*Asks:* 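Got a structure for you, written out below as structure tokens; questions coming shortly.
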Amino acid sequence: MKVLVIGSGGREHALTWKLKQSAAISRIFCAPGNAGTASLAENVPIAAADLTALRMFAKQNTIDLTVVGPDDPLAMGIVDLFTSLGLRIFGPTKSAARLESSKIFAKEIMRARNVPTAQARTFSDSDAALAYCQELKFPVVIKADGLALGKGVIIAENFASARSTVEMMMKEARFGEAGRRIVVEEFLRGTECSIHALVDGKKYRLLESARDHKRALDGDEGPNTGGMGAFSPANNWNEQLQAKLEEEVMKPLLAGLAKEEITYRGLLYPGLMIAPDGLRVLEFNCRFGDPETQALLPRMTSELLPLLEATIDGKIDNCKIEWDERVSVTVVLASRGYPGKSETGKVISGLEQAAKLSGVHVFHAGTKRLNNEIVTSGGRVLAVTALGKDIPAARDRAYEAAALIQFEGVHFRRDIALSATSS
Ligand code: AMP
């Protein structure tokens, strides 16, 4: 069987690594991949958003299964395109992926089904949006409706900041069409948790819980990033919350989608805020999380391929997903400048020594091979995951591995999973 993985981040390296363990797969291609995927698969120089070239590649190479990593190709309708040509692909259709690509669509469906989420209103008029900001207590959260490279959510502490955000999104159109309409919502307090679910159209299976760290600096300071680290399981998750998630979120959401005649097949991951009075949905993601995937997959002892196949075939309830009892901690190593403009082209050393440590996996993100060396090629460069009997053991091992890896300007947070060591 031939598999194509779309994307070039740490998530895609982890997916490729996990899929590679299936004997049924004879060849894996990654488009465009990175230096890590190149050691396991055949990289193909096609961008994740070049749907035409991806479709041609899949047809010409008789790909049996395509797995989509990032959100953009899903929002552009890659699943509809591939399926219409008889190509098998893992991920939701364009219409179903609106749960992530349109915050307004997600809010509307949650409202219709009473799914707990922040109180919010949607606007296409900036004056009305600002009037509502004043009605809510500051801080307020302002979100561009569409995909904005993870930069479309701004927490405004006061009216001046709300006004400049609304102007930046709606008048200056900094995010183009994505910011023409916005959502303004109440600021929620609590702790966050990511839950991944494989949804097969009607039924679903939850994966283990995880928590990520979005801010750039220790102590949750600094700007938001794509994610500076993660750990699994989440220390703020329990069976009671899981039951709530199933009853208050998953079941009503799937019923709401069914009513709109939308069939969701693929990975659905609600980002949750856990507050003292229960849980609220912050957002829906329609693909595996990055870096949560790098923390989750090393703990998954079941094969991934049959789970993806069962999701596409509507048979996920026949599957059991088994997990390693060990916990995982993932530390992201970033380039100088990230999350702003990042340096690239720096030679990376120590990768092999780090990967030799027991229980350690080094997943590549912004890396490429140049001559005989591996060099940095993006903001987030590597995700170093370690398994351990408990969080302190996994943290020690992950940081031991991270310390072995060097490149000019490397920076990473020192407090990944630290909050979980005391609970
Ligand atoms: P989103 O893309 O909607 O998940 O937002 C990105 C991040 O912004 C979330 O992971 C939270 O850290 C934060 N966030 C979003 N909505 C809210 C909210 N209503 N209250 C507090 N924080 C929020």
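The basis for the numbers below is simple: all heavy atoms, side chains too, and nothing from hydrogens, waters or symmetry mates. Everything quoted here is computed from the prediction, not taken from an experiment. Atoms within a ligand are numbered from 1 in the order they appear, just like the ligands themselves. Each residue takes its place number in the sequence, starting with 1.
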*Asks:* Can you list the ligand 1 atoms lying under 4.0 Å from a non-hydrogen atom of Leu188?
*Replies:* 18 (C), 19 (N), 20 (N), 21 (C)
*Asks:* Checking Asp145 side chain against Ile182 main chain: does a donor-acceptor pair fall under 3.5 Å?
*Replies:* no
*Asks:* Answer with yes or no after comparing the ring centroid distance for Phe284 and Tyr269 against a 6.0 Å cut-off, counting only values under it.
*Replies:* no
*Asks:* I need the atoms of ligand 1 closer than 4.0 Å to a non-hydrogen atom of Glu185, numbered in the order shown.
*Replies:* 16 (N), 17 (C), 18 (C), 19 (N)
*Asks:* Given the protein's heavy atoms, is any one of them under 4.0 Å from atom 7 (C) of ligand 1?
*Replies:* no
*Asks:* Would you say the ring centroid of Tyr204 lies under 6.0 angstrom from that of Tyr264?
*Replies:* no
*Asks:* Under the side chain to side chain donor-acceptor pair (under 3.5 Å) rule, collect the residues that match up with Asn43, sequence neighbours excluded.
*Replies:* Thr37
*Asks:* Check this for me: does any side-chain nitrogen of one of Glu100 and Arg287 sit under 4.0 Å from a carboxylate oxygen of the other?
*Replies:* yes
*Asks:* Check if Glu186 has a non-hydrogen atom at a distance under 4.0 Å from any atom of ligand 1.
*Replies:* yes
*Asks:* Among all protein heavy atoms, pick the one closest to atom 5 (O) of ligand 1 and tell me residue, atom and distance.
*Replies:* Val153 CG2, 3.5 Å
*Asks:* Got an N/O contact under 3.5 Å between Asn224 and ligand 1?
*Replies:* no
*Asks:* Less than 4.0 angstrom from a charged side-chain N to a carboxylate O is my criterion; do Arg88 and Glu309 meet it?
*Replies:* yes
*Asks:* Would Arg189 count as a contact residue for ligand 1, given that I'm defining contact as a non-hydrogen atom of the residue lying under 4.0 Å from a ligand atom?
*Replies:* no
*Asks:* Out of Lys143, Glu192, Lys214, indicate the one that has the non-hydrogen atom closest to atom 13 (C) of ligand 1.
*Replies:* Glu192
*Asks:* Considering only NZ, NE, NH1 and NH2 on the basic side and carboxylate oxygens on the acidic side, decide whether Lys203 and Asp317 come within less than 4.0 Å.
*Replies:* yes
*Asks:* In the protein, what heavy atom is nearest to atom 1 (P) of ligand 1, and what distance, to one decimal place, separates them?
*Replies:* Glu283 OE1, 3.2 Å
*Asks:* At what distance is the nearest protein heavy atom to atom 17 (C) of ligand 1, and which residue and atom is it?
*Replies:* Leu282 CD2, 3.4 Å
